[in-house]
S.K.: 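Before we start, here is the structure in question, set down as structure tokens.
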Amino acid sequence: MDATREQAADGREIRAAAVGSLEIFRLGFPPAFAHGVIDPPAGYLAVVIDGAVCKSFRRSTSTLGRGCFMSIPAGAAHSSVFGPDGCQVVILRPVGEDGSRLFPSAFRSCTTVEAGASSL
């Protein structure tokens, strides 16, 4: 397992590792950080481990707090605004594929699971 750590000029902290057929990222966002529209080329799963983030898609907006997670398919263009206390997010993304083999139904649409349900 190769791991990297980077401190971006905009205040983000990025840790990354490859484990088998998954890329795992731990991203730290400073308070009130925001990014413009991104259009992910591959599907991924985002898990909020601390703080909060509001993700805005073309037709919907979702706010995720600690313990919430969301599957985001390839091409689901969105912007994000992170909470006033910053935010820590773990991203899981399949390596070299669209995720359909590892997660057959997870990346077909945006799906959010709230914190209460994720602690079952």
S.K.: What closest approach, in Å, do Pro41 and Ala74 show between heavy atoms, and which atom pair accounts for it?
M.R.: O-CB, 3.5 Å
S.K.: Quick check for you: to the nearest 0.5 Å, what is the distance between Leu64 atom CG and Phe82 atom CZ?
M.R.: 9.5 Å
S.K.: Using every non-hydrogen atom in the two residues, find where Val48 and Cys87 come nearest and quote the distance to one decimal.
M.R.: CG1-SG, 4.0 Å
S.K.: Side-chain heavy atoms under 4.5 angstrom apart, residues restricted to Ile, Leu, Val, Met, Phe, Trp, Tyr: same cluster for Val37 and Val53?
M.R.: no
S.K.: What about Val89 and Val81, same hydrophobic cluster or not, with Ile/Leu/Val/Met/Phe/Trp/Tyr joined at side-chain heavy-atom distances under 4.5 Å?
M.R.: no
S.K.: Would you name the heavy atoms of Cys54 and Thr63 that are closest together and state the gap between them?
M.R.: SG-OG1, 3.7 Å
S.K.: What distance do Thr111 atom OG1 and Met70 atom CE have between them, rounded to the nearest 0.5 Å?
M.R.: 8.0 Å
S.K.: Taking atom OG of Ser79 and atom NZ of Lys55, what is their separation to the nearest 0.5 Å?
M.R.: 8.5 Å
S.K.: Using a 4.5 Å cut-off on heavy atoms from C-beta on, say whether the side chain of Phe33 contacts that of His35.
M.R.: yes
S.K.: Nearest heavy-atom pair of Phe57 and Ala77: which atoms, and what distance?
M.R.: CD2-O, 3.5 Å
S.K.: Measure across Pro40 and Ile72 and return the closest heavy-atom pair with its distance rounded to 0.1 Å.
M.R.: CG-CG2, 4.2 Å
S.K.: Quick check for you: to the nearest 0.5 Å, what is the distance between Ile91 atom CD1 and Arg26 atom CZ?
M.R.: 12.5 Å
S.K.: Can you find a pair of side-chain heavy atoms, one from Gln88 and one from Arg66, that are under 4.5 Å apart?
M.R.: no
S.K.: To the nearest 0.5 Å, what is the distance between OG (Ser60) and NE2 (His78)?
M.R.: 11.0 Å
S.K.: Find the distance between CZ (Arg12) and CD (Glu6) and round it off to the nearest 0.5 Å.
M.R.: 7.5 Å
